Amino acid sequence: MKLERGVFAPAAVDVDRVRADFPILAERVNGRPLVYLDNGATTQKPRVVIDALASYYEHDNANVHRGVHTLSRRATDAYDAARVTVQRFVNAASPDEIVFVRGTTEAINLVAFSHARPRLVPGDEIVVTAMEHHSNIVPWQLTCEATGAKLVVIPIDDTGALRMDRAEELIGPRTRVVAVTHVSNALGSIVPVARIVELAHRHGAVVLVDGAQAVSHVAVDVQALGCDFYAFSGHKIFGPTGIGVLWGRAPLLAAMPPWQGGGDMIRTVAFEKTTYADPPFRFEAGTPDIAGAIGLAVALDYVAGIGLDAIAAHEEHLLADATQRLLAIPGLTIVGTAVDKASIVSFTVDGIHPHDIGTVLDQEGVAIRAGHHCAMPVMKRFGISGTARASFALYNSRADVDALAAGIESARRLFA
């Protein structure tokens, strides 16, 4: 979308009201008002999430699924209700398809170890894309080393868009797993997941989608997408750190063995033999992050209350405005210019290291990311060591874009 600088069209998000919900946005950094543009790494938390965590620890703190006393019952009810909230948010068929994990990374590892490893044999293929986060590369490399399977990579073009012509060639009869990001954390490129699913299912392969960068920007309907597994992290969608979700189709989860042993994932234990609980509890050994699950549910309700369509429209305007402003800066190159793109702008500036750009911006109160963004193959593809990355969320404004552009100009003057 191209917007004239003088006719910025606000979306339905009331940014001033939303910003008031996030206490940390009142912070000052180096004497300047905080401009937080590192949402791709982690999002800030609204007061309702912070209050939910405090309320649990102040009033309901107890273990779940094991106690008959009042606190345990209240904690269990809240924890189980959180699973239902997640189910509804992603439109899963049942809350039993929702597994609570530490985050996207653990969810992908769970699928790699419990679904893929027992099934793969030498000559089988696991397909990923060239824009994956390390968390959706390394678990599959380990799986290939353990099973003799082969890792196959779908390339991207010069804009950072997935080469769908190559996807059609590379997803074939030996493909057993296709693991793709929904939105690239380094480029912002949106992957046509439904098309990938169609190609994979044509060959009987299962599809895992890394949704870490997608869930706070686009509505996710796992049944409509047609994928087999979907993973995301709470801290990327205004929830607590240390909590995440693996959604999986019920028949697939039922066929997967546990990958960790301990309490609450068993049905019976004897020295001779142990039997295991049904999913999702089979994959949640030990005491879970109860407060994290409760906080995540509150965060999802907060996002749903604003509306993902409104959020997406607001961020689309921010992305267009930021793109226009940054491209007007001499020596600045945007890395990742796919037509279908979410609210991430990665860029380089001639003669200035990305870390130096980040440092100068920090002195002006602007928080961005700098480096390879756990996507070193992407950097290699574009022949660079890293980028500076600004990533937007529902509480960002046009004034934040102005501060970003002004900070980059300061860096140019400093390093001229």
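Counting from 1, the numbers follow the sequence of the chain as shown. None of the values given here were measured: they were computed from a predicted structure.
- What you find for His134 and Pro139 is that their closest heavy atoms are O-CD, 3.9 Å.
- Comment: Asp21 engages Arg17 in a salt bridge, judged by a side-chain N to carboxylate O separation of less than 4.0 angstrom.
- Side-chain atoms of Arg66 come within 3.5 Å of backbone N or O of Val64 as a donor-acceptor pair.
- With hydrogens and angles disregarded, a donor-acceptor distance shorter than 3.5 Å links the side chain of Ser391 to the backbone of Gly40.
- Here the closest heavy-atom approach between residue Phe392 and residue Ala322 is recorded as CZ-CB, 3.6 Å.
- Judged purely by atom type and a 3.5 angstrom limit, Lys341 uses its side chain to pair as donor or acceptor with the backbone of Gly336.
- When all heavy atoms are compared, the tightest approach of Pro46 to Pro23 is C-CD, 4.4 Å.
- For Ala291, the side chain to side chain contact (heavy atoms under 4.5 Å, CB included) partners are Leu53, Tyr56, Tyr57, Asp289, not counting sequence neighbours.
- A salt bridge links Glu168 with Arg195: the closest approach of a Lys/Arg side-chain nitrogen to an acidic carboxylate oxygen falls below 4.0 angstrom.
- For the pair Tyr395/Ile24, no side-chain contact is recorded, criterion being any heavy-atom separation below 4.5 Å from C-beta on.
- Between atom CD1 of residue Ile357 and atom CG of residue Asp362 there is a gap of 13.5 Å, rounded to the nearest 0.5 Å.
- Residues Ala342 and Leu319 share a closest heavy-atom pair of O-CD2, 3.3 Å.
- Using a 4.0 Å cut-off between charged nitrogen and carboxylate oxygen, Asp402 and Arg325 count as a salt-bridge pair.
- Under the 4.5 Å side-chain criterion, counting only non-hydrogen atoms from C-beta, Phe281 is in contact with His65.
- Smallest separation of non-hydrogen atoms from Leu361 and Gly407: CD2-CA, 3.4 Å.
- None of Val193, Asn91, Val197 except one satisfies the side chain to side chain contact (heavy atoms under 4.5 Å, CB included) rule with Leu225; the exception is Val193.
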Please assess Asp38 against Arg389 for the test salt bridge (charged side-chain N to carboxylate O under 4.0 Å, His left out), listing each intermediate value before the final yes or no. CA-CA 8 Å; Asp38 194 19; Arg389 182 188 72 185; 3.7 Å; yes
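- Between Asp51 and Lys45 there is no salt bridge, since no side-chain N of the basic residue sits under 4.0 Å from a carboxylate O of the acidic one.
- Of the possible polar contacts, one joining the Arg176 side chain to the Pro173 backbone as a donor-acceptor pair under 3.5 Å is found.
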What side-chain donor-acceptor pairs closer than 3.5 Å can you find for residues 327-334, not counting sequence neighbours?
none

Problem - CA sep, side-chain torsions, deciding dist, call: Arg163, Asp158, salt bridge (charged side-chain N to carboxylate O under 4.0 Å, His left out) - result: CA-CA 10 Å; Arg163 289 276 306 274; Asp158 290 342; over 6 Å; no
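- Of all the heavy atoms in Thr105 and Ser135, the pair that sits closest is OG1-OG, 2.8 Å.
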